[in-house]
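What follows is one structure encoded as structure tokens, with my remarks underneath.
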Amino acid sequence: MSNYNPQEIEPKWQQKWEADGLYHADIDPTRPKHYALTMLPYPSGDLHIGHWYAMTPSDARARFMRMKGYNVLFPIGFDAFGLPAENAAIKDGIHPKIRTYQNIERMRKQLRSMGAMWDWRREAISSDPEYYKWTQWFFIQLYKHGLAYRKMAPVDFCPHCNTTLAREQVWGEDRHCERCGTPVIKKDLEQWFFKTTAYAEDLLSYEGMDWPERVRVLQTNWIGRSEGAQVQFPVADEQPSVTEKLNTEHCPPITVFTTRPDTLWGATFMVLAPEHPLVDILTTPEHKAEVEAYKLQAARQSDIDREAADKEKTGVFTGGYAINPVNDARIPVWIADYVLMTYGTGAIMAVPAHDERDFAFARKYGLKVIPVIQPEGEPLLDGDTMEAAYIGPGRMINSGPMDGTYVSGKGHADTGMQKVIAWLEERRLGAKAVSYKLRDWLISRQRYWGAPIPMIHCPACGWNPVPESDLPVLLPEDVEWRPTGESPLKLHPTWKETTCPVCGGPAERETDTMDTFMCSSWYHLRYLSPWYHQGPFDPKEYDYWMPVDTYTGGIEHATMHLIYTRFFHKALRDMGITKGREPMTQLRNQGMVLGEDGEKMSKSRGNVVAPDDLVNRYGADTVRAYLMFFARWDMGAPWSYAGIEGTARWLRRLWALVTAPAGPAACSDQTRRVLRRRVHQTLRQVTRDFEQFEFNTIVSALMELLNEMTKAKEAGAYGTPEWNEAVDIYLRMLAPVCPHIAEELWERAGRTYSVHTQSWPSVDEEAAREEEIVIPVQVNGKLRDRITVPADATEEQIQAAALASEAVQKFTEGKPPKKVIIAQKKLVSIVV
RNA sequence: GGGGAAGUGCUGGAAUUGGCAGACAGGCAUGACUUAGGAUCAUGUGCCGCAAGGCGUACGGGUUCAAGUCCCGUCUUCCCCACCA
């Protein structure tokens with residue numbers, strides 16, 4: 001008998017599986033398919049324990065599904081474009097391409113050490129020209145369908161990374177860069193956007209999707225749908241300045257979005273965002289200086305400063321007036337930075353009596369407060385003496401024709417509200433409207449290491465896409481990296497020079513590259529056929545494998561990648577490129593492995609756990625099993641070196657139990673029956689836990705069964721048919737968790753290669769059934785005894801046995817029971 | 001300020017969803033084997049109590065024969081969003 005030596009058996013089996021193509025997934029119409037996808041890694045250099053934590057249970061689940069009879073596709077690749085490689089290049093001069101592909105080579109080796117069932121033939125790398133050719137092609141499709149457009153926009157800009165950031169890449173109260181932690185600044189740039197907002201409504205539906213509630217809530221809040229009305233407020237007093245500036249008699253009305261049209265009669269002033277286009281027109285000469293100063297200050301102010309103001313509202317009067325369309329009241333127009341140009345229409349009607357922010361502003365600047373919603377059973381509200389805005393339900397007052405209408409207050413689009421909207425629509429003063437917080441996706445990045453945006457600008461013909469036959473637009477390799485804030489492609493002497501695809505005249509390429517979330521929005525499609533050249537994917541492969549059945553990854557992508565990829569799928573679907581409502585049917589998120597100190601792992605803290613070291617010391621199987629065992633997968637936990645010993649011990653004991661010889665079989669029928677029962681009970685639980693992604697209890701159930709088997713072996717069960725079945729089923733259950741030791745022991749047990757092509761055993765319910773059951777007996781809610789009865793005992797028999805118990809009689813003190821409850825044969829409860 | 005998740009031994013965590021709280025591990029203690037052990041095995045390990053027994057799932061109430069699980073309130077921690085009209 002040899003000792004368990006993972007360093008010997010693991011590479012051996014990995015090589016054999018690879019050589020045999022054991023994990024190749026090919027179209028097979030005779031079997032149901034299962035597309036198991038785990039989020040692809042960024043090639044940072046070394047595989048992190050977090051990658052193991054995310055990927056090995058996903059692999060185990062994919063293996064389980066395969067044994068269940070599914071044709072399982074479990075692919076892998078690299079999200080290889082991105083900032084870190086380029087930032088490193090600026091620092092040490094190593095070309096991002098060289099570094100990235102070196103890292104990929106290194107990480108491939110590390111990934112292989114997991115023993116996962118990846119089909120490496122389907123590997124896709126987003127920085128390969130054959131890959132980003134299609135990323136560019138998708139951009140052009142989106143452009144052609146009006147979903148990509150260019151506009152000047154104030155963007156968040158990281159002065160350290162020298163690039164723009166999407167809204168979701170700006171983190172924290174100090175609004176710092178997701179990658180480097182530097183506080184971001186605002187900058188005005190011409191940028192490319194995708195119209196994600198066109199799909200806001202579609203993205204809010206999760207019909208038919210098995211996604212965690214948590215992710216759905218995060219996405220729903222992120223999309224931020226509000227119902228209300230748009231209302232036009234005409235500008236009052238056509239001033240000479242207005243007609244002059246506009247060259248027309250009439251100034252356009254100020255349009256506002258409100259969720260409280262029922263409070264329209266209480267609108268006593270208006271507030272525009274400082275950037276609002278009507279500000280200049282409305283501002284009177286005597287207020288011009290003040291308004292200009294405020295605008296300048298607001299523009300200069302970073303968002304940090306706005307926060308630091310501790311929500312103290314500031315603003316200035318423009319001197320202009322608007323007319324409240326419902327009651328013709330002449331109301332002043334102010335500007336204030338608490339109104340955001342990026343939400344709604346960039347202008348609000350202020351109803352201080354019923355909105356907290358407007359109330360604070362009105363009190364600060366002495367503006368009128370008119371209550372229009374009266375809470376029932378309360379003294380009449382008085383605008384001069386109110387101490388806070390009233391946002392609750394009540395009846396409309398001071399509202400002319402609407403007086404007496406009941407409304408439910410903030411956040412309720414009730415019938416009262418509908419009535420007001422209908423009234424507005426009848427008079428063409430406004431209309432029902434929906435507003436979203438979601439903004440269009442800014443995809444331009446002023447960086448080198450990304451997919452070039454395939455657009456050409458011609459002085460005569462404007463912007464046009466690169467002809468599809470010219471794709472890919474290749475990244476030049478001879479570039480310089482300088483932290484200038486401009487794309488290195490712009491500084492390249494010749495790269496941007498090209499000809500216009502329309503007129504043939506001299507033209508310039510777009511020098512920005514695409515946000516890497518663009519690359520990762522469709523990688524699950526490239527995996528289908530990375531060898532395919534006629535399109536982004538082979539439709540045959542698509543029709544067989546899509547949609548993704550199980551998608552696993554971190555929750556941090558809830559409002560980024562997971563929204564983008566859904567948008568992408570839906571946009572492509574409407575172009576006839578993809579099919580179905582959604583790209584990923586089921587989603588499961590793992591938690592995070594923290595350092596031993598309970599803090600997030602980081603090099604600077606020195607609490608990083610290197611999986612390579614663990615594999616060298618314990619073997620991949622132990623690391624896999626421990627990562628599944630030591631925490632609830634969806635929760636994560638701090639790492640513990642102490643805990644892994646227990647898992648290592650378990651596999652050593654298993655090895656010894658299966659490989660050590662034993663005497664001839666000589667054991668009771670009872671021992672054999674009990675062994676078989678335990679095996680099938682464990683199988684039942686493990687099957688259920690795999691289905692529900694509860695990996696920690698899979699391992700603990702296998703540990704328990706090993707303890708039972710050890711006892712059975714001591715009782716002489718070795719060599720019996722029950723023993724052989726136990727080993728057989730045990731190794732099959734172990735195979736998804738610890739593929740190497742399962743394969744080795746399977747071979748040593750004399751079974752045919754490979755354990756991984758075996759089917760998942762089915763539970764023999766008859767064998768799993770208990771013959772006798774132990775039922776706890778409570779008297780007045782307190783546990784007093786346990787009785788043992790045959791499993792098929794009737795409730796009457798159980799009750800009789802319970803009442804006959806000495807311990808029970810002692811506590812009932814001879815009194816007749818008032819009530820006896822037998823709960824699903826699990827417990828007897830006696831009340832006296 | 002809004003939304004969400006969680007709170008169980010010394011530690012990680014179980015509890016088949018209202019039915020024996022603490023499975024399985026780690027740690028610790030005692031013992032065995034050993035020149036040695038980052039090896040192995042055995043036993044014990046929620047708290048109080050000599051015991052009978054009592055008490056125990058953040059805290060306070062409630063529903064129920066029965067509550068870690070359901071309801072109401074409070075506290076703590078973490079995550080996300082945050083002037084969103």
Side-chain angles (χ1 to χ4, degrees), chain A residues 3 168 171 173 212-218 220-222 224-226 228 256-260 263 271 273 306-307 309 311-313 336-340 342-351 355-358 360-361 410-411 435-439 555-556 558-559 591-592 617-618 626 629-632 634-635 637-650 652-653 656 681 684-685 688-689 694 696-707 774-786 810 817-832:
Chain A
N3 286 325
E168 45 277 353
W171 286 8
E173 283 193 22
E213 171 79 13
R214 192 156 161 227
V215 174
R216 299 198 314 246
V217 167
L218 280 170
T220 302
N221 292 344
W222 186 260
R225 182 183 199 275
S226 299
V256 301
F257 172 75
T258 176
T259 55
R260 292 296 303 275
T263 62
V271 189
R306 286 198 190 184
E307 292 288 330
K311 297 183 183 180
E312 172 74 24
K313 310 241 175 314
D337 61 10
Y338 81 90
V339 174
L340 311 173
T342 48
Y343 180 77
T345 61
I348 62 158
M349 66 174 204
V351 185
D355 181 278
E356 286 148 338
R357 294 154 302 179
D358 299 345
F361 195 80
K410 194 182 176 179
S435 189
Y436 302 93
K437 287 190 212 172
L438 185 74
R439 297 186 210 164
I555 192 147
E556 66 273 16
T559 53
M592 215 194 292
R617 189 154 139 196
Y618 296 102
Y626 181 59
F629 176 66
F630 92 116
R632 263 180 62 175
D634 55 340
M635 295 288 205
W639 175 261
S640 156
Y641 282 99
I644 195 171
E645 293 292 342
T647 312
R649 209 168 286 156
W650 163 56
R652 280 195 294 263
R653 288 179 54 218
Q681 286 174 343
R684 184 162 59 196
Q685 194 203 321
R688 182 185 149 270
D689 287 349
E694 287 173 12
N696 55 341
T697 45
I698 290 172
V699 177
S700 67
L702 289 173
M703 287 174 170
E704 266 182 284
L705 182 57
L706 183 70
N707 294 343
V774 176
I775 300 181
V777 183
Q778 295 180 347
V779 178
N780 289 341
K782 285 200 167 36
L783 178 71
R784 294 305 180 189
D785 198 12
R786 294 185 174 88
K810 183 177 154 201
K818 238 187 251 171
K819 203 170 177 186
V820 179
I821 293 152
I822 295 158
Q824 304 140 41
K825 286 198 181 180
K826 273 183 191 163
L827 179 135
V828 179
S829 184
I830 299 168
V831 189
V832 294

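First the proteins, then the strands, lettered A, B, ... as listed; each starts at 1.
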Taking any strand in view, what nucleotide pairs with G13(B) in a Watson-Crick or G-U wobble way, both distances under 3.5 Å?
none

Footprint string (nucleotides 8-14 of chain B, 5' to 3'): B base within contact, S backbone only, - free, heavy atoms under 4.0 Å
----BSS

May I have the distance from K826(A) (atom NZ) to C65(B) (atom C1'), rounded to whole angstrom?
17 Å

Between U17(B) and U11(B), how far apart are the P atoms? Round to whole Å, please.
29 Å

Output the single nucleotide from C83(B), G19(B), C55(B) whose closest atom is nearest the side chain of K782(A).
C55(B)

If you compare every side-chain N and O of R653(A) against the phosphate oxygens of C41(B) (OP1, OP2), does one of them come in below 4.0 Å?
yes

Which protein N or O atoms sit under 3.5 Å from an N or O of nucleotides 26-37 of chain B?
residue, atom, partner, partner atom, Å
G26(B), OP1, R649(A), NH1, 2.4

Any strand: nucleotide that pairs with G27(B) via Watson-Crick or wobble, under 3.5 Å
U45(B)

Taking the C1' atom of each, how far is G22(B) from G46(B), in whole Å?
8 Å

Expressed in whole Å, how much space separates the P atoms belonging to A5(B) and C71(B)?
12 Å

What distance, rounded to whole Å, do you find between the two C1' atoms, one in A52(B) and one in G61(B)?
32 Å

Rounded distance in Å between the P positions of G68(B) and U57(B):
7 Å

When the nearest nucleotide of RNA chain B is assigned to R688(A) and to D358(A) on a heavy-atom basis, which residue is associated with the more 5' position?
R688(A)

When rounded to the nearest Å, what value does the distance between P atoms of C81(B) and G26(B) take?
39 Å

Pick base, sugar-phosphate or nothing for T345(A), based on heavy-atom distances below 4.0 Å to the nucleic acid.
nothing

Pick base, sugar-phosphate or nothing for N707(A), based on heavy-atom distances below 4.0 Å to the nucleic acid.
sugar-phosphate

Should the pair Y343(A) and F257(A) be assigned to parallel (<30°), tilted (30 to 60°) or perpendicular (>60°) ring geometry?
perpendicular

Would you indicate which nucleotide in A66(B), A25(B), A85(B) comes nearest to any side-chain atom of V339(A)?
A85(B)

Pair R653(A)-N707(A), side-chain donor/acceptor within less than 3.5 Å:
yes

Would you call I698(A) and E694(A) a side-chain contact if the rule is heavy atoms closer than 4.5 Å?
no

Separation of L827(A) atom CG from U64(B) atom C1', in whole Å?
13 Å

Base, sugar-phosphate alone, or nothing: which one does I821(A) contact when heavy atoms must sit under 4.0 Å apart?
base

Atom CG of N780(A) and atom P of A66(B) are separated, to the nearest Å, by 9 Å

Separation of C80(B) P from L438(A) CG (nearest whole Å)
19 Å

Can you check the M349(A) CE to C83(B) P distance for me, whole Å?
20 Å

Need the pair for G37(B). Rule: Watson-Crick or G-U wobble, both distances under 3.5 Å, any strand; none if unpaired.
none

Length of the CZ-P vector between R652(A) and A25(B), whole Å:
14 Å

Residue matched to C70(B) through Watson-Crick or wobble contacts both under 3.5 angstrom
G62(B)

Is any side-chain heavy atom of F361(A) less than 4.5 Å from a side-chain heavy atom of D355(A)?
no

Looking only at N and O atoms, is any donor in the side chain of K313(A) or the base of C83(B) less than 3.5 Å from an acceptor on the other one?
yes

Separation of the C1' atoms in C72(B) and C79(B), to the nearest angstrom:
26 Å

Give the intermediate values and the outcome of side-chain contact (heavy atoms from CB on, under 4.5 Å) for residues Y618(A) and T647(A).
CA-CA 9 Å; Y618(A) 296 102; T647(A) 312; over 6 Å; no

If you check every side-chain atom of R214(A), which of G4(B), A25(B), A85(B) has the closest atom?
G4(B)

Across all strands shown, which nucleotide pairs with A52(B) by Watson-Crick or G-U wobble geometry, both distances under 3.5 Å?
none

Here the distance between atom P of A85(B) and atom CG of D337(A), to the nearest Å, is 18 Å

Step through it carefully: locate the ring centre of Y626(A), locate the ring centre of W639(A), and say whether they are under 6.0 Å apart.
yes

Look at all strands and tell whether R784(A) reaches a base, only sugar-phosphate, or nothing, counting heavy atoms closer than 4.0 Å.
sugar-phosphate

Syn or anti for G9(B), please, going by whether the chi angle lies within 90° of 0.
syn

Is there a Watson-Crick or G-U wobble partner for G1(B) with both distances under 3.5 Å, and if so, which one is it?
C81(B)

Based on the glycosidic angle (syn within 90° of 0, else anti), state the conformation of U45(B).
anti

In this structure, how many angstroms lie between the C1' atom of C81(B) and the OH atom of Y343(A), rounded?
14 Å

Listed nucleotide nearest any side-chain atom of F257(A), set C81(B), G54(B), A85(B)
A85(B)

Rounding to the closest angstrom, what is the interatomic distance between C48(B) and G9(B) at atom C1'?
15 Å

